[in-house]
J.: 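Have a look at this one.
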2 protein chains.
Amino acid sequence: MEKQIFLLGLIRQSDMHGYQILDLINSHFNIIINITKPTAYRLLNNMAEDGWISLREEKEGKRPPRHVYSITPKGEKEFQRMLRESLAEYKPIERPNPISIAFLQIFPPEEILPHMLKRKSSVESIIEGLIGTKDHQKNYQLVFEHQHFHLKAELKWINYTIEKMNSPDWGKDVK
Amino acid sequence: MEKQIFLLGLIRQSDMHGYQILDLINSHFNIIINITKPTAYRLLNNMAEDGWISLREEKEGKRPPRHVYSITPKGEKEFQRMLRESLAEYKPIERPNPISIAFLQIFPPEEILPHMLKRKSSVESIIEGLIGTKDHQKNYQLVFEHQHFHLKAELKWINYTIEKMNSPDWGKDVK
DNA sequence: GGAGACATGTAAAGGGTTACATGATTTG
DNA sequence: CAAATCATGTAACCCTTTACATGTCTCC
């Protein structure tokens, strides 16, 4: 449902065709959402079939014609319905952690430390990228901010854990 | 892969049968991972077929016999392989946010505020539950801690956003 | 003339969920 | 004796990803 909401949300702001949507998502929104081609095309086709979006073809030369989508009144209604539903769900928070963390302590600290450091710099560079795009995406500022809060928390956790790795208790009681 | 890692990780610590595993996950680990029955049984069967875990039947009365799994040397190897792979991936952080946040501002603050408050108390009660179980799960302390960091970040974000909703800029520039 | 962007898709395979199915045992 | 728990599973359906497929246009 998340993906449908996001696609509708984009189309709703301005008419778009599939390639354009995919391009936009991959270039600007990959930090917050991830949609691959087959999924996008299927969802768009489904929504077009259901009358949530309407489609017009724009031909240029001999290329495959663009399928330009616009949101319909029905689509707008469904968009708001899904949005409300999603807001009302109060989903705890999906695991932001690869579960592998649970078993970190079975490896010796020497092996984990480089991974943690790399993870750290990876998070840092994501944060940098995020700060760069944040201002240009006013409409989406809230999600980027939200992500930013969580990235900062991730950094904090990494630092905290690295420090813990130096304590003598590390790995105790763990098979 | 996450689910396989977690199942193996549990079996690795002590032999278990399917029902027991599902019960354990639903009662103690639902904050950090989510596995349903068909998925668990399928994964267990697959791993048994592949020789990652071995199976012995324990019969008691006329009930369906328990399928008790133990990890095999091969399973241990695969477990460590997957674990290393997962650690090396440096996955950014999966979206911890329902994408609906992106479109929060299309609704008037009066409608959203109650949702945000409910979300807040939901997060708070998850944190409470988490603090309660944390100490008893020494082996899994790291994941719970990780989750805790992110839950605190979520709370911070909620408070920050609620405050922002009162500013005159709220909803500006948003279609 | 070749690389890369433009523009659409599909096929196969795997993962996941919901709901259905079965029956024994324990507990109130 | 009814309800919950123990214990297994399957069927149908949906969603997602990886890889394949096709051809045009633009820019260097």
Side-chain angles (χ1 to χ4, degrees), chain A residues 1-8 10-11 15-30 33-50 52-53 55-69 82 85-86 89 91 94-95 98-99, chain B residues 1-8 10-11 15-28 30 33-50 52-53 55-69 78 82 85-86 89 91 94-95 98-99:
Chain A
M1 194 169 68
E2 271 189 45
K3 300 191 179 187
Q4 277 178 76
I5 292 177
F6 198 69
L7 291 174
L8 276 179
L10 288 178
I11 293 168
D15 296 358
M16 292 218 248
H17 62 272
Y19 186 89
Q20 194 183 2
I21 291 171
L22 279 161
D23 197 47
L24 184 61
I25 288 174
N26 291 327
S27 60
H28 288 90
F29 297 111
N30 56 343
I33 197 165
N34 206 4
I35 307 182
T36 58
K37 228 186 335 162
T39 301
Y41 279 123
R42 187 178 50 80
L43 289 177
L44 290 171
N45 285 337
N46 288 353
M47 291 196 292
E49 243 178 59
D50 294 342
W52 297 11
I53 51 182
L55 168 157
R56 73 172 183 279
E57 293 209 343
E58 270 181 15
K59 206 147 189 179
E60 228 175 273
K62 276 176 204 170
R63 289 191 206 186
R66 295 172 171 176
H67 295 184
V68 181
Y69 301 101
M82 290 192 295
E85 196 184 312
S86 160
E89 257 187 28
K91 262 223 194 120
E94 318 248 299
R95 286 150 296 114
I99 202 69
Chain B
M1 193 171 70
E2 270 188 45
K3 301 191 180 189
Q4 277 178 73
I5 291 177
F6 199 69
L7 291 175
L8 276 179
L10 288 178
I11 293 168
D15 297 357
M16 291 217 248
H17 62 272
Y19 187 88
Q20 194 184 2
I21 292 171
L22 279 161
D23 197 46
L24 184 62
I25 289 174
N26 291 329
S27 60
H28 287 89
N30 56 341
I33 198 164
N34 206 4
I35 306 181
T36 59
K37 224 183 344 158
T39 301
Y41 279 122
R42 187 175 48 79
L43 291 177
L44 290 171
N45 286 337
N46 288 352
M47 293 195 291
E49 242 177 60
D50 294 343
W52 298 11
I53 51 182
L55 167 156
R56 73 169 183 280
E57 294 209 343
E58 270 180 15
K59 209 149 188 179
E60 227 174 274
K62 277 175 200 170
R63 291 190 203 188
R66 295 170 169 177
H67 295 182
V68 181
Y69 300 100
E78 296 290 343
M82 291 193 295
E85 195 184 313
S86 162
E89 258 188 27
K91 263 223 192 117
E94 318 250 299
R95 286 150 297 115
I99 202 69

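Every chain is numbered from 1, with letters handed out A, B, ... down the list of sequences. Values below: all heavy atoms of this structure, side chains included; hydrogens, waters and symmetry mates excluded.
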J.: When you measure from the side chain of K3(A), which nucleotide among dT17(D), dC15(D), dT10(D) comes out closest?
T.: dT17(D)

J.: Under 4.0 Å: is that the gap between some side-chain N or O of H17(B) and OP1 or OP2 of dC6(D)?
T.: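 So the side chain of H17(B) is outside the cut-off, no N or O lying under 4.0 Å from OP1 or OP2 of dC6(D).
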
J.: Apply the test side-chain contact (heavy atoms from CB on, under 4.5 Å) to residues L44(A) and L55(A): give CA-CA distance (whole Å), side-chain angles for both, the deciding distance (0.1 Å), then the verdict.
T.: CA-CA 10 Å; L44(A) 290 171; L55(A) 168 157; over 6 Å; no

J.: Rounding to an integer number of Å, can you tell me how far N26(B) CG sits from dA7(D) C1'?
T.: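 It works out to 14 Å between those atoms.
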
J.: Starting the side chain at C-beta, find the nucleotide from dG9(D), dT8(C), dA11(D) nearest to P38(B).
T.: dA11(D)

J.: Determine whether Y69(B) and M47(B) make a side-chain contact, defined as any pair of heavy atoms from C-beta on separated by less than 4.5 Å.
T.: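 No, their side chains stay 4.5 Å or more apart.
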
J.: Among dT18(D), dA7(C), dT17(C), which is the nearest nucleotide to the side chain of T36(B)?
T.: dT17(C)

J.: Would a 4.5 Å heavy-atom cut-off, applied to side chains only, mark E85(B) and M1(B) as touching?
T.: yes

J.: Closest approach to the side chain of R66(A), judged atom by atom: which nucleotide of dG9(C), dA7(C), dA7(D) is it?
T.: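 Closest of the options to the side chain of R66(A): dA7(C).
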
J.: Would you check if the side chain of S86(B) reaches a backbone N or O of M82(B) as a donor-acceptor pair within less than 3.5 Å?
T.: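 Looks like no, no N/O pair under 3.5 Å.
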
J.: Choose from dC15(D), dG9(D), dT8(C) the nucleotide whose nearest atom is closest to any side-chain atom of Y19(A).
T.: dT8(C)

J.: Reading DNA chain D from 5' onward, which residue's closest nucleotide shows up sooner: P64(A) or K37(B)?
T.: K37(B)

